[in-house]
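Read the structure below first, then the notes.
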Amino acid sequence: MTMTRLSTTTLFIALALAGCGEKGAEQEAANSDLAQLASVAGGGISATPAANVSGERLLAAEAEPEQWMTYGGSYDETRHSTLSKINRDTLQDLGIGWVYDMKKPRGVEATPIVVDGVMYVSGSWSVVYALDAQTGEELWVYDPEVSGEDAAKGCCDVVNRGVAVYDGKVFVGVFDGRLEALDAKTGEVVWSQVTVDQSKPYTITGAPRVFKNKVIIGNGGAELGVRGYVTAYDTATGDLAWRFYTVPNPNKEPDGAASDDILAKLANETWGDTGAWTTDGGGGTVWDAIVYDSVNDQVLLGVGNGSPWNASIRDPEGDGDNLFLSSIVAVDADTGSYRWHYQTTPRDMWDYTATQPILLADLPLGEAGAPRRVVMQAPKNGFFYVIDAKSGDLISADAFTDMTWATGVDENGRPIEVPAARSLSEDYAVLPGPTGAHNWHPMSYSPDTGLVYIPTNIWPFLYSRPDPADPVKSNWNIGYREDAGWPLEIPAGGIEGMRGMGGGSLLAWDPVKGEARWAVPFPVPFNGGTLSVASGLVFQANKGGELVAYDAETGERMWSHGLVGGPGAAPMTYEIDGEQYLTILSGWGSTIAMIYGVVFEDAVGPETGRVITFKLGGQGELPKPLETGIARSPKSAPLGDEALQAKGLRLFAANCQWCHGAFAISSGVLPDLRWSAITSTEASWDAVLRDGALSARGMVSFGDRLDKEETDAIRAYVVKQAWDAVARGEADAPMSAGADVGAH
Ligand code: CA
């Protein structure tokens, strides 16, 4: 991909518009035209009411393949389409139909929904867009105006994975913990519920799901310390229907929630009475997969990791399984009461969430090959699970990636752990790392090939117990040395050596045989989600910046088209007036780009999120990538001595790299601090780091967490990284080189 950079000034202006939670000029214009646009939506697009989606229609989604009415395409979330106009014979005519620029940059992860000619899609900062699905014309935009301070609570960028539509409403989970119902015709708020304790570091990035006049939402935040749960609300009124907590109340008392009975019966005894979980919530957040199983009338919850990650700090007393961390939990759709659970990683130790996408299908696993309805998941821990949907019985668990933490799953369905991975008596490189062998990127299942198409990741992590004699302050709360994990210094092999550490693949997995059929390798992790279609194709975007169609049986590359802005979302498809469309979102951000931009060939500019729609015979063009022009040069003379710089390195790794990139090398999502004017003087550095001058944009003050000497040390480290880049020939010495630069 073309290298793209902006000047520091331009970048800051762009980010000011983007991240501040204030409306930009375009946003104002969009909203002022709301009434006019709404009249278009009401009269011009479709004769049917907006978002006229009923429960009956959702149950029969297979009969309407031209629509894409739920996050995963149908209740079973297989992301398989029976539309066939885009096929092997016509593929070469696939071109750009239309492109819509979202109002804000940062990571874009959503799968759009298309109903009766209208596309409903969310972008970064939880902004919702309604577009004419044929032309991309904007119908309305809703910005919930998430504040920069709330943005700073996120582990993994201000992303949003999608909306739900039902009965004339569009539902969105807002980053700051709200669940909102919008009028599908106008984008106006019908009701809004705060679903979390906003004094705690909860966030919402996942898509709500609807079933039986209820809308359900989970939350995230286990890296910073929260207690996980899901809540179902009445779609019409927003009244709370039921709530299910995934881990016990710290005092093991009832919450007055649907989970009370089962926590008392099964879960409480799997937790001790002391430890970090009693103050930090224990984790178990349900931040992605929530799937309605219409056959068994139950909801499948994908439950996340422990908080903190390190079980011996989280729950030091015993060796209990810490239910329901890292589990799939099935609950009754009407009441939220417990049906069954399967725990993928008992007493989670490694951020092994089981909240990755869940899909449902009938596989020939019954008696004499009869169809058996199963739940499938490929969670972070690297095993592919096939589970009976009705009983919760484990059918199979097979490793789909290399791993160093376990050697298999025993007859009781428990992982056979490698003792060193849990004891951590010495530092241990665990694979899969916390990015997971598979993360949020949707997988698809084709009943034609019988294969599941999984975007996999390879990225190890060095787990290291914290040294009480040598602590380092961190804004994350994971119970390990937060300044470890990955190499602290650029390795001897240089940045190229870092790129060799990881990778990923598009993996075609046979869930009946429990083995891989084929794989397409990638040089970097976090490639996009998948869509399979009836004509025997699989579509996926990759971090190389292209959308590719593969032969679903063999993995042969059949077609590709460049994209702009670093895609990670999953494609989806729909049909209007006999013409088939295929849409993919692009943007630049989310976890891996924020932290490990260093693995990518070159930083991408802070591209706005985009909706890119293909169609046969499409002649449209993509926007040009943002132009470069940033001056890559240190803005200050070197600061401090080696000891101060080394102290700064550890503090940077523990507090700053999650957003600004390892080694202070940005992928372009946020400013590269090495070239930032903020480093030029002590006063400007302190204004931002200590006084919160940019908190409205999401850069909150660290003044209450780090003392003055510590923030000075971070500045000295960042400036050192800038001069190291000069020494490597990757940046220019300032014109007035040396000690004069930015002296103060
Ligand atoms: Ca996590």
Side-chain angles (χ1 to χ4, degrees), residues 107 109 152-159 161 173 175 177 196 200-206 218-230 246-247 276-277 280-290 301-311 313-315 322 324-329 343-358 377-382 405 421 430-441 457 459-463 474-482 484-486 525-526 568 589-596 654 657-659:
E109 299 184 348
K153 292 177 183 171
C155 66
C156 309
D157 203 359
V158 285
V159 295
R161 279 182 295 281
F175 197 79
V196 301
K200 296 196 165 74
Y202 282 105
T203 52
I204 295 179
T205 59
N219 45 56
E223 272 59 62
L224 290 87
V226 298
R227 179 186 180 205
Y229 59 89
V230 296
T246 59
V247 296
W277 83 275
D280 299 349
T285 52
V286 182
W287 56 261
D288 193 55
I290 303 174
L301 310 176
V303 183
N305 56 279
S307 177
W309 296 354
N310 186 339
I313 291 177
R314 183 174 71 236
D315 174 28
N322 289 176
F324 294 99
L325 294 182
S326 306
S327 302
I328 297 174
V329 180
Q343 189 173 37
T344 61
T345 310
R347 198 170 171 82
D348 168 47
M349 187 80 177
W350 309 280
D351 189 25
Y352 281 165
T353 67
T355 192
Q356 277 56 55
I358 289 171
Q377 190 189 43
K380 278 188 180 181
N381 75 9
W405 76 281
V430 176
L431 188 70
T435 46
H438 174 218
N439 206 296
W440 61 268
H441 310 79
N457 306 312
W459 198 255
F461 190 91
L462 187 73
Y463 281 88
S474 170
N475 65 333
W476 274 33
N477 177 24
I478 60 177
Y480 293 108
R481 272 192 55 162
E482 285 92 342
W486 287 283
F526 269 45
S590 90
T591 328
I592 201 78
M594 303 274 280
I595 305 175
Y596 268 80
Q657 69 169 357
W658 313 112
C659 293

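These values consider heavy atoms only, across backbone and side chains, with no hydrogens, waters or symmetry-generated copies. Small disclaimer: the values here were computed from a predicted structure and weren't measured. Ligands are counted one by one from 1 in listed order, and the atoms in each one are counted from 1 as well.
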For the Ca ion (ligand 1), which protein N/O/S atoms are closer than 3.0 Å?
E223 OE1, E223 OE2, N305 OD1, D351 OD1
Is D280 paired with R227 through a side-chain N to carboxylate O contact shorter than 4.0 Å?
no
Mutual orientation of the aromatic rings belonging to W309 and F461 [parallel < 30°, tilted 30-60°, perpendicular > 60°]
perpendicular
Would you say the side chains of Q343 and D348 form a donor-acceptor pair under 3.5 Å?
no
Minimum-distance pair of heavy atoms, taken over all atoms of W350 and W405
CZ3-CE3, 3.4 Å
Heavy-atom closest contact (P379 atom, T344 atom, distance)
CG-CG2, 4.3 Å
If we count only N and O atoms by modelled type, under 3.5 Å, do the side chains of N381 and T345 hold a donor and an acceptor together?
yes
